[in-house]
Protein chains: 2
Amino acid sequence: MMGNVCLPAGMPERELEQIDLLVKERVRLKKGDLLYRQEESLDALFGLRTGSVKTQLEDASGQVQITGFFLPGEVIGLDGMLDSLHASNAVAMEDSEVCVVKLEDIDEVSRYAPSLQGQVRRIMSKEISRSHQVLLALGSMRSEARLAAFLINLSQRLSALGYSSTDFVMRMSREEIGNYLGLTLETVSRLFSRFARDGLIRVSQREVRILDLDALKQLAGQVS
Amino acid sequence: MMGNVCLPAGMPERELEQIDLLVKERVRLKKGDLLYRQEESLDALFGLRTGSVKTQLEDASGQVQITGFFLPGEVIGLDGMLDSLHASNAVAMEDSEVCVVKLEDIDEVSRYAPSLQGQVRRIMSKEISRSHQVLLALGSMRSEARLAAFLINLSQRLSALGYSSTDFVMRMSREEIGNYLGLTLETVSRLFSRFARDGLIRVSQREVRILDLDALKQLAGQVS
DNA sequence: CGTCGAATTGACTATTATCAAACTAAGTGG
DNA sequence: CCACTTAGTTTGATAATAGTCAATTCGACG
């Protein structure tokens, strides 16, 4: 069975354990590939197995807003079920692999495995909470707090996957970080430099080492 | 049966039609009452029947961020299902009434009415899309575009409920609008004054009349 | 070694926040 | 009925923050 290999190693929560049984297909993506396109019809969810993916909205005037960065173990494609059309573009930020879970299979199987419904609800609810957290950041934090919160969040998610929480490589460019956080790429770059100068992090291109997590949390308004 | 009276008149989509059958209880709220509190355990969803409700996150440092304004026909309580704890506070902005739908009843009933699952997914997905839209606004629009988009959105939702799309009363204060849009109350007030001076709207306290929707859409970056 | 995309840094500007004062509308109690 | 609150709003003056434009620099790769 192909399912079990689709659970990323080190995934902390067992949310996906049943959904994983539904995986009948996997898709490989190369850097820059689109997993799906805005307005395209939606009939499946995607569990990210390896790599990283971003989702972004594009409005009528071509304005782009990144709405999420996804790491292995996370589920992509939860928006757009309202009218079965994807509400965003999903782009691979590096070579990646996703597991495909057909919606009809979820419906089918959950008839005799009722707890599956709860799993799906929880996954969707998590995505809602996540975006509300980002709203909190964009709505009420200053630039340095946003970036600090971003780094802390990334650190935590990577650590949950079994990677180091202090040393990691960011898969996204300064521009993408800025877009996500509602800042310009220059502001993001300056903030990285400042954090480094103040001894909070070491940073070289996309490699980051967190030196003073407490100070970062302080900046992010999270009492440590 | 108490269900059918819980569908707000004029609700355009029939999303709630089956869920409505599950309503066994209704709750009346007075202005300022909390429907639920952050961290409280979650075992039901709430369909707003009359009135208006806001949801807000509160972080460790007491910082508050309003994450949504809800109108009749909309569903409250979709976040927090991850660990069955509400992730936000829900506060009535005026005297309101909600229909209570127990999660266990949803699970129970959806066993012999499978399409119910799709309904729930669609409602949750809509909430995800909604917050992504707000992310777009906070992340990439300037203050005037945010407020214009806010007014357009409110107008559309009220019109879908059968109210005038051009004349309405905002239930929220300048401060609440500002908090939601990531602006200060002074900036919001100045923008209202400017929009009025430029002939886009008439505004007196919380009463608004939209005079030039096309110009508003232009400001919001929505091609009309 | 040269090219190209990404990142850094600087100088300057625009936008929005902050602080402060005055005004309004809707009560409340004498 | 009329001061007198009070919460909400408006407006102004000033300051802080982040954006824009522009010039280098860095690193990866052919």
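Within every chain, numbering begins at 1; the chains are lettered A, B, ... in the order of the sequence lines, protein sequences first and strands thereafter. Keep in mind the model is a prediction, meaning the values are calculated, not measured. Values reported hereafter were calculated over all heavy atoms of this structure, with side chains retained and with hydrogens, waters and symmetry mates removed.
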Can you check whether R174(A) has a side-chain N or O nearer than 4.0 Å to OP1 or OP2 of dT8(C)? yes
Rounded interatomic separation in angstrom, taking CG from L219(B) and P from dT15(C): 13 Å
Hey, are S143(B) and T187(B) close enough side-chain-wise for a donor-acceptor pair under 3.5 Å? no
Short side-chain N/O contact from R142(B) to OP1 or OP2 of dA14(C), under 4.0 Å: no
Report the C-alpha distance between K102(A) and D43(A) in whole Å, list the side-chain angles of each, state the deciding distance to 0.1 Å, and finish with yes or no for salt bridge (charged side-chain N to carboxylate O under 4.0 Å, His left out). CA-CA 6 Å; K102(A) 295 272 182 211; D43(A) 62 350; 3.7 Å; yes
Identify the two heavy atoms, one from S125(A) and one from D79(B), that lie closest to each other, and give their separation to 0.1 Å. OG-C, 3.3 Å
Apply the test salt bridge (charged side-chain N to carboxylate O under 4.0 Å, His left out) to residues K31(B) and E94(B): give CA-CA distance (whole Å), side-chain angles for both, the deciding distance (0.1 Å), then the verdict. CA-CA 4 Å; K31(B) 179 173 177 170; E94(B) 60 185 318; over 6 Å; no
For the pair made of CZ in R194(B) and P in dT11(D), what is the distance, rounded to whole Å? 13 Å
For ring pair (Phe, Tyr, Trp, His ring centres under 6.0 Å), just list the numbers for F69(A) and Y180(A), CA-CA rounded to whole Å, side-chain angles, deciding distance to a tenth of an Å, and then say yes or no. CA-CA 9 Å; F69(A) 295 119; Y180(A) 182 63; 4.9 Å; yes
Please tell me which of V188(B) and Q205(A) maps to the more 5' nucleotide of DNA chain D, matching each residue to the nucleotide holding its nearest heavy atom. V188(B)
Between S143(A) and dA18(D), is there a side-chain N or O to OP1/OP2 distance below 4.0 Å? yes
Roughly how many Å is it from CZ in R190(A) to P in dA11(C), rounded to a whole number? 11 Å
Spacing of R202(A) atom CZ relative to dT8(C) atom P, expressed in whole Å: 14 Å
Answer yes or no on whether R130(A) is positioned over the face of F70(A), meaning its NZ or CZ is under 6.0 Å from the six-membered ring centre and within 45° of the axis. yes
Would you mind classifying the nucleic acid contact of S189(A) as base, sugar-phosphate or nothing, using non-hydrogen atoms under 4.0 angstrom? base
Can you measure E176(A) atom CD to dG5(C) atom P for me and round it to whole angstrom units? 15 Å
Verify the contact: side-chain N or O of T187(B) to OP1 or OP2 of dA17(C), cut-off strictly under 4.0 Å; return yes or no. yes
Just N and O in the side chain of S173(A): are any of them under 4.0 Å from OP1 or OP2 of dG5(C)? no
Over all strands shown, is G182(B) touching base, sugar-phosphate only, or nothing at heavy-atom distances under 4.0 angstrom? sugar-phosphate
How about S131(A) and S131(B): does a side-chain donor come under 3.5 Å of a side-chain acceptor? yes
Quick one: label L185(A) by what it contacts on the DNA or RNA (base, sugar-phosphate, nothing), any heavy atom closer than 4.0 Å. base
To the nearest angstrom, how far is E186(A) atom CD from dG10(C) atom P? 14 Å
Would you say dG19(D) has OP1 or OP2 under 4.0 Å from some side-chain N or O of T184(A)? yes
Interatomic distance where CD belongs to E207(A) and C1' belongs to dC26(D) [whole Å]: 14 Å
Residues H132(B) and E127(A): side-chain donor-acceptor under 3.5 angstrom: yes
Rounding to an integer number of Å, can you tell me how far R206(A) CZ sits from dT8(C) P? 10 Å
Tell me which residues in residues 57-71 of chain A put a heavy atom below 4.0 Å from DNA chain D, sorted by number, or none. none
